[in-house]
Amino acid sequence: MIELGTDVRVRFAPSPTGYLHIGGARTALYNWLWARKTGGKFILRIEDTDRERSTQASVQAILDSMTWLGMDWDEGPGKDAGTGPYFQTERVAIYQGYVDKLISAGAAYRCYCTKEDLDRARALHKARSGSEQGFRYPGTCRERKTEPAGKHVIRLRAPSTGSTHWDDLIKGRIEIGNDTLQDSVLMRGDGIPLYNLGAAVDDISMGITLVARGDDHVINTPQQILIYKALGVALPKFAHMPMILAPSGEKLSKRHASVSVMDYHEQGFLPDGVLNYLARLGWSHGDQEIFTRAELIEKFNWEHCGDTSARYDLKKFQHVQASQLRMLSPSTLAQHVVPFLAKRGLTVSANDPRLLTAAPLVQPRATTFIDAADALDYFFRPAPVMDEKAKAKFLGADRLPLLGKLAAVIEPVTPFTREPLESAVKSWLEQEKLELKDVAQSARVALTGRTASPGLFEVMEVLGREVTLARLRHG
RNA sequence: GGCCCCGUCGUCUAGCGGUUAGGACAUCGGCCUCUCACGUCGGUAACACGGGUUCAAGUCCCGUCGGGGUCACCA
């Protein structure tokens, strides 16, 4: 059991090279949940050192996605708590300071090899081994006595003997032989840090106590531990979570599914639906599948994070989303669905009594807000959009007299609500020796334009007397 | 290829030496019923393989096979 404490400081450190991916969202979620559970701090840091690929639009997309999901950060863009700035490109002076310390500690050195030198060495390696893989920096500048003026990168002086290990919160003890390490570049010639330096220095200077990230970073951890040790700083805990795979087992990408968080917003998913699904993809709490946000915070832990990669499953995702949608109060559902009604050209107020009455009717019939808006459509149009096939089948000329009678039967019913309507219609049917199913589908098509809808009397109640009678009489 | 991680129903998972291997999604069938859903009842379906250790192995160890990650002046 990991101790709770107020000293928990976790972070999510995305690179703004695209939208926020659902894999990234899950990484953020586990960190955020842990911070909220423990009363610790959740820090958002933007790792924008790849100038070529980083864009302002991506930064905004990440911020928007985090905000939509409701994962608020305690420190980060717009919230400086003294550990900022939170964009790595604004922290170059900090990295330079740490690099100086690393060099004087003998843990790093300046390397003056040019790109061409390295390309030559790499070509030589390939010629010998038949592959570019496995190339290691030959160490040309490692023991250099003189320091020529000029452009240089900073390299890690990696040990070649012994091993580096840590106890991963998810994967247990991991040990990697130092002979697999190499003198990798920590800082570019232009003073911009590379991932391992930036991440380690930021985690140190921001006081991060638990580094939780995707397990594609396992291999980076030894180098970062080396940096911590060279600086004489206490190590954080590490938790490496498995990746999310496509249903086919490949790395999940756009080709397989909607991977951008904001896609789910547009598709009418609930933030809580996304969070619930992502939480269960790689973490469990006994047999429970559906969690409120508060339950997630209360119950999340690292012990029950699985160490196997999980495959994305839209069907299950939809089920979780539908379950979350059903948990909404009518007024909350109304608020969420109004923009989706607007997209259909239907201007409806979230306080519209028809909407509030209809909301519980569509709730068990919808997965997303798009579905809900579709199911609500005919309540708010002057006339329903008619399914022509249904009309041909159920609204033939022979059916109209019956619907006229039905209209006459319900016309005087007061109040115009489901129970009185139902009993009035039932007793009429009894007299006529008819069954409800003899008239129900025709009435449904007349009222809604389609063959599937909530119960007939509920629909009538929402439509109200005027509209119901008009539609039955083919207004 | 080297190094690292992983292997329970199709999928997400529970399990932490003794279970008729449980739940959920999906799927199939029944019930409910004015349609469609919701709900509900039930079925099919899994410990990758081979060696150990042990009275006893899905649970521990080794190997094989399989999957994934990573080997950049990307992150």
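Naming: A, B, ... by sequence-line order, numbering from 1 per chain. Because the structure is a prediction, the values reported are computed rather than measured.
- A/F379 does not carry A/R381 over the face of its six-membered ring by the limits of under 6.0 Å from the centre and within 45° of the normal.
- A/R311 comes within contact range of the sugar-phosphate backbone alone, with a heavy-atom separation under 4.0 Å but no base atom that close.
- Relative to the side chain of A/V153, the nucleotides B/C73, B/C38, B/G23 differ in distance, and B/C73 lies closest.
- Within 4.0 Å (heavy atoms only), A/C305 reaches no atom of the nucleic acid at all.
- Nearer to the 5' terminus of RNA chain B, by closest-nucleotide assignment, is the contact made by A/E132 (compared with the other of A/E132 and A/P193).
- Residue A/R53 is classed as a base contact, given a heavy-atom separation below 4.0 Å to a base.
- Backbone-only engagement by A/E175 is indicated by non-hydrogen atom pairs under 4.0 Å involving sugar-phosphate atoms exclusively.
- One interatomic measurement links the two molecules: OH of A/Y95 to C1' of B/C73, which rounds to 16 Å at whole-angstrom precision.
- Nucleic acid contact class of A/L281 (heavy atoms, under 4.0 Å, all strands): sugar-phosphate only.
- At the heavy-atom level, A/V218 lies under 4.0 Å from the strands shown only through sugar-phosphate atoms.
- Here B/G69 is the nucleotide among B/G69, B/C38, B/A26 with the atom lying nearest to any side-chain atom of A/D216.
- Side-chain atoms of A/K316 and base atoms of B/A24 include a donor and an acceptor less than 3.5 Å apart.
- For B/C31 and B/A57, the C1' atoms lie 42 Å apart once the distance is rounded to whole Å.
- As a whole-Å value, the separation of A/Q318 CD from B/U27 P is 11 Å.
- Within the 4.0 Å cut-off from OP1 or OP2 of B/G15, at least one side-chain nitrogen or oxygen of A/H304 is found.
- Not a single donor-acceptor contact under 3.5 angstrom links the side-chain atoms of A/R365 to the base of B/C38.
- Side-chain proximity of A/T180 to B/U35, B/C3, B/C73: nearest is B/C3.
- Checking B/A37, B/C34, B/U11 against the side-chain heavy atoms of A/K437 singles out B/C34 as nearest.
- Remark: A/R122 is in phosphate contact with B/C73, judged by side-chain N or O atoms under 4.0 Å from OP1 or OP2.
- For B/G68, the OP1/OP2 oxygens have no side-chain nitrogen or oxygen of A/S309 closer than 4.0 Å.
- The side chain of A/L118 lies closest to B/C73 when the candidates are B/C25, B/G69, B/C73.
- Each of B/A14, B/U35, B/A75 was ranked by its minimum atom distance to the side chain of A/S284; first place goes to B/A14.
- Judged by distance alone, with hydrogens and angles left aside, A/E289 brings a side-chain donor or acceptor within reach of the base of B/G23, the pair sitting under 3.5 Å.
- Listed nucleotides: B/C73, B/A37, B/U70. Nearest to the side chain of A/R155: B/C73.
- Proximity of A/D272 to A/N276: side-chain heavy atoms (C-beta onward) are nowhere separated by under 4.5 Å.
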Evaluation steps, salt bridge (Lys or Arg N to Asp or Glu O under 4.0 Å), between A/R120 and A/E116
CA-CA 6 Å; A/R120 252 195 310 278; A/E116 292 68 40; over 6 Å; no
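- Rounded to whole Å, the separation between the P atoms of B/C49 and B/C9 comes to 10 Å.
- Judged by the 6.0 Å distance and 45° axis criteria, A/R280 is not positioned over the aromatic ring of A/F291.
- Contact annotation: side chain of A/D287 to base of B/G22, donor-acceptor pair present below 3.5 Å.
- Phosphate contact (OP1/OP2 of B/A75, side-chain N/O of A/T49, threshold under 4.0 Å): present.
- Residue A/T308 has a polar side-chain atom (N or O) positioned under 4.0 Å from OP1 or OP2 of B/U13.
- Distance A/H319 NE2 to B/U27 P: 12 Å, rounded to the nearest Å.
- Atom CD1 of A/I219 is separated from atom C1' of B/G2 by 10 Å (rounded to the nearest Å).
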